Trainee: 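Mind looking over this structure? Questions follow.
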Amino acid sequence: METTANVLVGLVAALHVYILVLEMFLWERKPGRGLSGFDADMARATAPLAANQGLYNGFLAAGLVWGLIADDPTGFRAQVFFLGCVVIAGLYGGFTANRRILVAQALPGALALGAVLLSR
(Lines give C-alpha, C1' and ligand atoms only; values in the text may rest on other atoms or scores of the structure.)
Protein backbone atom coordinates (compact mmCIF):
# COMPACT_ATOMS: atom_id res chain seq x y z
CA MET A 1 0.00 0.00 0.00
CA GLU A 2 2.92 2.35 0.66
CA THR A 3 4.03 2.10 -2.98
CA THR A 4 0.51 2.92 -4.16
CA ALA A 5 0.38 5.89 -1.80
CA ASN A 6 3.76 7.17 -3.03
CA VAL A 7 2.68 6.86 -6.67
CA LEU A 8 -0.55 8.75 -5.98
CA VAL A 9 1.30 11.49 -4.08
CA GLY A 10 3.75 11.76 -6.98
CA LEU A 11 0.89 12.05 -9.47
CA VAL A 12 -0.78 14.79 -7.43
CA ALA A 13 2.55 16.63 -7.25
CA ALA A 14 2.96 16.29 -11.02
CA LEU A 15 -0.59 17.59 -11.53
CA HIS A 16 0.24 20.69 -9.54
CA VAL A 17 3.45 21.27 -11.50
CA TYR A 18 1.32 21.05 -14.67
CA ILE A 19 -1.15 23.58 -13.23
CA LEU A 20 1.78 25.84 -12.32
CA VAL A 21 2.99 25.78 -15.93
CA LEU A 22 -0.49 26.48 -17.29
CA GLU A 23 -1.20 29.34 -14.92
CA MET A 24 2.24 30.97 -14.85
CA PHE A 25 3.49 30.50 -18.41
CA LEU A 26 0.65 29.43 -20.71
CA TRP A 27 -2.29 31.45 -19.38
CA GLU A 28 -2.53 33.69 -22.44
CA ARG A 29 -1.94 30.85 -24.90
CA LYS A 30 -4.29 28.12 -26.08
CA PRO A 31 -3.72 25.64 -23.19
CA GLY A 32 -4.26 28.26 -20.50
CA ARG A 33 -7.20 29.84 -22.26
CA GLY A 34 -8.72 26.39 -22.70
CA LEU A 35 -8.46 25.89 -18.96
CA SER A 36 -10.02 29.22 -18.09
CA GLY A 37 -12.37 29.68 -21.03
CA PHE A 38 -11.28 33.32 -21.28
CA ASP A 39 -10.90 35.28 -24.49
CA ALA A 40 -7.52 36.90 -25.23
CA ASP A 41 -8.38 40.20 -23.53
CA MET A 42 -9.62 38.58 -20.33
CA ALA A 43 -6.64 36.21 -20.26
CA ARG A 44 -4.28 39.17 -20.55
CA ALA A 45 -6.11 41.07 -17.82
CA THR A 46 -6.10 38.11 -15.43
CA ALA A 47 -2.58 36.81 -16.17
CA PRO A 48 -1.03 38.27 -12.99
CA LEU A 49 -3.73 36.63 -10.86
CA ALA A 50 -3.26 33.32 -12.65
CA ALA A 51 0.52 33.49 -12.17
CA ASN A 52 -0.04 33.99 -8.44
CA GLN A 53 -2.31 30.93 -8.34
CA GLY A 54 0.29 28.99 -10.29
CA LEU A 55 2.95 29.86 -7.75
CA TYR A 56 0.77 28.48 -4.96
CA ASN A 57 0.30 25.27 -6.94
CA GLY A 58 4.08 25.05 -7.19
CA PHE A 59 4.35 25.31 -3.41
CA LEU A 60 1.87 22.45 -3.05
CA ALA A 61 3.92 20.33 -5.46
CA ALA A 62 7.15 21.17 -3.62
CA GLY A 63 5.61 20.19 -0.30
CA LEU A 64 4.42 16.87 -1.70
CA VAL A 65 7.84 16.10 -3.15
CA TRP A 66 9.38 16.98 0.21
CA GLY A 67 6.95 14.55 1.81
CA LEU A 68 8.07 11.83 -0.58
CA ILE A 69 11.78 12.26 0.03
CA ALA A 70 11.85 13.14 3.75
CA ASP A 71 12.27 10.39 6.32
CA ASP A 72 9.31 9.54 8.53
CA PRO A 73 7.70 10.89 10.57
CA THR A 74 8.39 14.18 8.76
CA GLY A 75 7.64 12.75 5.30
CA PHE A 76 4.33 11.27 6.40
CA ARG A 77 3.31 14.48 8.16
CA ALA A 78 4.26 16.64 5.17
CA GLN A 79 2.24 14.41 2.84
CA VAL A 80 -0.81 14.58 5.08
CA PHE A 81 -0.53 18.34 5.50
CA PHE A 82 -0.01 19.20 1.83
CA LEU A 83 -2.61 16.70 0.59
CA GLY A 84 -5.04 18.23 3.07
CA CYS A 85 -4.25 21.62 1.56
CA VAL A 86 -4.85 20.22 -1.94
CA VAL A 87 -8.22 18.79 -0.93
CA ILE A 88 -9.36 21.97 0.83
CA ALA A 89 -8.24 24.16 -2.09
CA GLY A 90 -9.98 21.79 -4.52
CA LEU A 91 -13.22 21.87 -2.54
CA TYR A 92 -13.13 25.64 -2.26
CA GLY A 93 -12.37 26.08 -5.96
CA GLY A 94 -15.00 23.53 -6.90
CA PHE A 95 -17.72 25.31 -4.98
CA THR A 96 -16.70 28.89 -5.78
CA ALA A 97 -15.11 28.86 -9.23
CA ASN A 98 -15.73 25.74 -11.30
CA ARG A 99 -17.18 22.34 -10.40
CA ARG A 100 -14.56 20.61 -12.57
CA ILE A 101 -12.00 21.45 -9.88
CA LEU A 102 -13.71 18.94 -7.58
CA VAL A 103 -12.79 16.11 -9.97
CA ALA A 104 -9.50 17.50 -11.24
CA GLN A 105 -7.98 18.53 -7.90
CA ALA A 106 -10.00 17.55 -4.82
CA LEU A 107 -10.66 13.94 -5.85
CA PRO A 108 -7.03 13.03 -6.71
CA GLY A 109 -5.88 14.74 -3.51
CA ALA A 110 -8.45 12.86 -1.43
CA LEU A 111 -7.54 9.51 -3.01
CA ALA A 112 -3.85 10.12 -2.35
CA LEU A 113 -4.56 11.26 1.21
CA GLY A 114 -6.63 8.16 1.86
CA ALA A 115 -3.86 5.94 0.51
CA VAL A 116 -1.23 7.71 2.62
CA LEU A 117 -3.33 7.32 5.76
CA LEU A 118 -4.05 3.64 5.03
CA SER A 119 -0.39 2.91 4.31
CA ARG A 120 0.71 3.69 7.87
Side-chain angles (χ1 to χ4, degrees):
M1 187 61 162
E2 188 172 346
T3 300
T4 300
N6 288 340
V7 168
L8 291 174
V9 171
L11 289 172
V12 172
L15 171 65
H16 284 275
V17 169
Y18 175 70
I19 295 169
L20 173 147
V21 171
L22 281 176
E23 292 178 338
M24 291 190 80
F25 305 109
L26 301 175
W27 190 251
E28 295 181 62
R29 296 192 173 111
K30 187 175 182 178
R33 288 180 46 205
L35 177 70
S36 68
F38 292 158
D39 63 23
D41 290 334
M42 182 62 82
R44 190 172 11 312
T46 59
L49 297 171
N52 186 270
Q53 288 178 184
L55 186 61
Y56 281 96
N57 279 289
F59 291 141
L60 291 173
L64 292 171
V65 170
W66 173 44
L68 287 171
I69 63 174
D71 291 329
D72 285 335
T74 301
F76 171 76
R77 291 174 181 163
Q79 288 178 35
V80 170
F81 174 78
F82 284 99
L83 287 169
C85 290
V86 166
V87 172
I88 291 167
L91 290 172
Y92 183 81
F95 289 116
T96 62
N98 188 321
R99 296 248 186 239
R100 291 182 302 171
I101 297 171
L102 292 171
V103 174
Q105 183 177 344
L107 180 60
L111 292 174
L113 179 58
V116 167
L117 293 172
L118 288 174
S119 72
R120 302 295 194 249

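What you are looking at is a predicted structure, and each value in this text was computed from that prediction instead of being measured.
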Trainee: May I ask you to test the E2-R120 pair for a side-chain heavy-atom distance under 4.5 Å?
Mentor: yes
Trainee: Could you measure the distance from the CG atom of L8 to the OG1 atom of T4? Nearest 0.5 Å is fine.
Mentor: 6.5 Å
Trainee: Where is the tightest heavy-atom contact between A61 and V17, given as atom of each residue plus distance?
Mentor: CB-CG2, 3.7 Å
Trainee: Might you work through the side chain to side chain contact (heavy atoms under 4.5 Å, CB included) test for F82 and V86, ending with a clear yes or no?
Mentor: CA-CA 6 Å; F82 284 99; V86 166; 5.6 Å; no
Trainee: Test of understanding: clusters of I, L, V, M, F, W, Y form through side-chain heavy atoms closer than 4.5 Å, transitively. Do L22 and F38 belong to the same one?
Mentor: yes
Trainee: Nearest 0.5 Å please: distance from the CD atom of Q79 over to the CG atom of D72.
Mentor: 7.5 Å
Trainee: Is it possible for you to say whether L11 and V9 belong to one hydrophobic cluster, with membership spreading through side-chain heavy-atom contacts below 4.5 Å?
Mentor: no
Trainee: Pair Q105, H16 - check side chain to side chain contact (heavy atoms under 4.5 Å, CB included), show working.
Mentor: CA-CA 9 Å; Q105 183 177 344; H16 284 275; 3.5 Å; yes
Trainee: State, to 0.1 Å, how close N57 and L20 come at their nearest heavy-atom pair, and which atoms those are.
Mentor: CB-N, 4.3 Å
Trainee: With the 4.5 Å side-chain cut-off for hydrophobic clustering, are V87 and L118 part of the same group?
Mentor: no
Trainee: Is the closest side-chain donor-acceptor distance between T46 and W27 under 3.5 Å?
Mentor: yes
Trainee: Hey, any chance L26 and M24 share a hydrophobic cluster, counting ILVMFWY side chains that come within less than 4.5 Å of each other, even indirectly?
Mentor: yes
Trainee: Taking all atoms of both residues into account, what is the closest heavy-atom pair of I101 and G90, and its distance?
Mentor: CG2-O, 3.5 Å
Trainee: Do the side chains of F95 and L102 get nearer than 4.5 Å, heavy atoms only?
Mentor: yes
Trainee: Has D39 got more than 12 heavy atoms of other residues, nucleotides or ligands less than 6.0 Å from its CG?
Mentor: yes
Trainee: Using 0.5 Å steps for rounding, measure from the CD1 atom of I19 to the CG atom of L35.
Mentor: 7.5 Å
Trainee: Determine the minimum heavy-atom distance between A78 and G67, stating which atoms define it.
Mentor: CB-CA, 3.8 Å
Trainee: Can you confirm whether Y56 is buried at OH, in the sense that more than 12 heavy atoms of other residues, nucleotides or ligands lie under 6.0 Å from that atom?
Mentor: no
Trainee: Do Y92 and F81 land in one hydrophobic cluster if side-chain heavy atoms of ILVMFWY residues count as linked below 4.5 Å?
Mentor: no
Trainee: Keeping N52 on the side-chain end and P48 on the backbone end, is there a donor-acceptor pair under 3.5 Å?
Mentor: no
Trainee: What heavy-atom pair brings P108 and V12 nearest, and what distance separates the two atoms?
Mentor: O-CG2, 3.6 Å
Trainee: I want to check something: taking the side chain as every heavy atom from C-beta on, are C85 and L60 in contact at a cut-off of under 4.5 Å?
Mentor: yes
Trainee: Looking only at heavy atoms, which two atoms of A43 and R33 are closest? And how far apart?
Mentor: CB-CG, 3.8 Å
Trainee: Rounded to the nearest 0.5 Å, what's the gap from CD1 on I69 to CG on L64? Could you check?
Mentor: 11.5 Å
Trainee: Does the side chain of F76 reach to within under 4.5 Å of the side chain of L117, using non-hydrogen atoms?
Mentor: yes
Trainee: Can you measure from CG (N6) to CE (M1) and round to the nearest 0.5 angstrom?
Mentor: 11.0 Å
